[in-house]
Amino acid sequence: MTAMTPHRTVALPSGRTVPALGQGTWYMGDDPGRREEELRALRTGIDLGMTLIDTAEMYGNGAAEELVGEAVRGRRDEVFLVSKVLPWNASARGTVTACHDSLRRMDTGHIDLYLLHWRGPVPLEETVEALERLEREGDIGGWGVSNLDVDDLDQLPAGARPETDQVLYNLTRRGPEYALFPRCRELAAPVMAYSPIEQGRLLGEPALAAVAEAHGVSPAQVALAWVLRHEDVIAIPKAATRQHVEDNHAALRLELTDEDLRTLDAAFPPPARKEPLEIL
Ligand SMILES: NC(=O)c1ccc[n+]([C@@H]2O[C@H](COP(=O)([O-])OP(=O)(O)OC[C@H]3O[C@@H](n4cnc5c(N)ncnc54)[C@H](OP(=O)(O)O)[C@@H]3O)[C@@H](O)[C@H]2O)c1
């Protein structure tokens with residue numbers, strides 16, 4: 001990390017802090033021919049302070065977790081690992097089994113933050129009980145949810161304190177700003193924005209390109225700086241090359257002006273009413 005690199009952290013309800021800019025891993029670990037480059041990318045991210053790594057049992061049926069385990073070998077203490085249980089595994093027993101399987105694949109003794117990937121057939125109460133049990137037993141450092149809209153959050157058992165809600169949020173998916181962000185603020189749970197560059201589809205948008213050109217930066221950096229303009233939002237872009245990781249990291253140095261924000265608002269208007277939470 002260079003002396004110039006700003007450190008930005010976000011506090012979780014438990015008091016733990018995590019970097020505002022982390023790394024995603026969906027579609028990583030699938031192709032043996034890309035493995036070395038992916039490992040280098042993740043390790044470069046850790047070197048740069050993007051030490052929150054998001055993965056899930058779903059990604060490549062465990063292949064992404066195995067890749068993450070290899071990437072953090074010998075430096076597990078530097079990293080904040082996030083993983084997720086699939087909804088159909090999220091029963092009292094299934095959650096515990098899924099977590100233990102994830103621990104084995106990542107070759108680690110604990111997952112720092114374990115999320116319900118999305119709401120499924122198991123009652124939320126049963127899943128939360130299992131997550132709290134895993135936390136008591138030290139298998140996980142804390143738990144949270146993903147893809148839960150306001151009404152789902154309201155149906156969590158009384159007293160339940162998720163550490164985050166990981167949701168789809170980027171310039172083209174601004175719906176959460178209207179009701180979900182305020183609800184998460186009431187819970188003091190930072191939102192974790194997934195697909196912050198819309199899986200690459202955002203990068204050709206003319207308004208984004210114009211702002212990027214004005215600053216002499218890449219469109220990806222503008223997309224990430226825009227998500228990170230909220231002090232309590234974490235962004236987890238996925239980058240499978242060192243070049244992309246370094247490019248994304250530089251977004252921490254980019255400060256968007258009021259004029260930039262107006263340009264982006266004109267092209268990607270904020271929500272005027274509650275919209276259903278979108279999912280990828
Ligand atoms: N909870 C959920 O339901 C859920 C759903 C979706 C995603 N997620 C999590 O969020 C993470 C991020 O979302 P995502 O992977 O869907 O999409 P994303 O991060 O918005 O976009 C990833 C794509 O953007 C490219 N990219 C990254 N940095 C770039 C740069 N600086 N310049 C140009 N292209 C760049 C990547 O290419 P390369 O790979 O070639 O670098 C990849 O094709 C996932 O990996 C996963 O961990 C969670």
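Residue indices begin at 1 and follow the sequence shown. Quantities reported herein were computed from a predicted structural model and do not represent experimental measurements. Start at 1 and go down the list; that is how both ligands and their atoms are numbered.
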Using a heavy-atom cut-off of under 4.0 Å, does the side chain or the backbone of [X] touch ligand 1, or both, or neither?
X: Ala220; result: side chain
X: Glu198; result: backbone
X: Ser195; result: both

Legend entry - Asp101 and Arg104 ion-paired at < 4.0 Å: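 Yes, this pair counts.
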Checking the N or O distance criterion of under 3.5 Å, is ligand 1 in contact with [X]?
X: Ser218; answer: no
X: Thr55; answer: no
X: Gln166; answer: yes
X: Ile197; answer: yes

Heavy-atom contact under 4.0 Å between [X] and ligand 1?
X: Pro196; answer: yes
X: Gln23; answer: no
X: Tyr59; answer: yes

Inset, instruction - Report the distance from atom CZ of Arg16 to atom CG of Asp112, rounding to the nearest 0.5 Å. - result: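 Answer for the CZ-CG pair, Arg16 versus Asp112, is 6.0 Å.
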Legend entry - Transitive ILVMFWY side-chain link Val82 to Val68, under 4.5 Å: no
Inset, instruction - Have a look at Ile236, Thr25, Asn147 and point out the one with the heavy atom closest to atom 12 (C) of ligand 1. - result: Ile236
Legend entry - side-chain contact (heavy atoms from CB on, under 4.5 Å) partner of Arg242, chosen from Thr44, Asp247, Leu42: Thr44
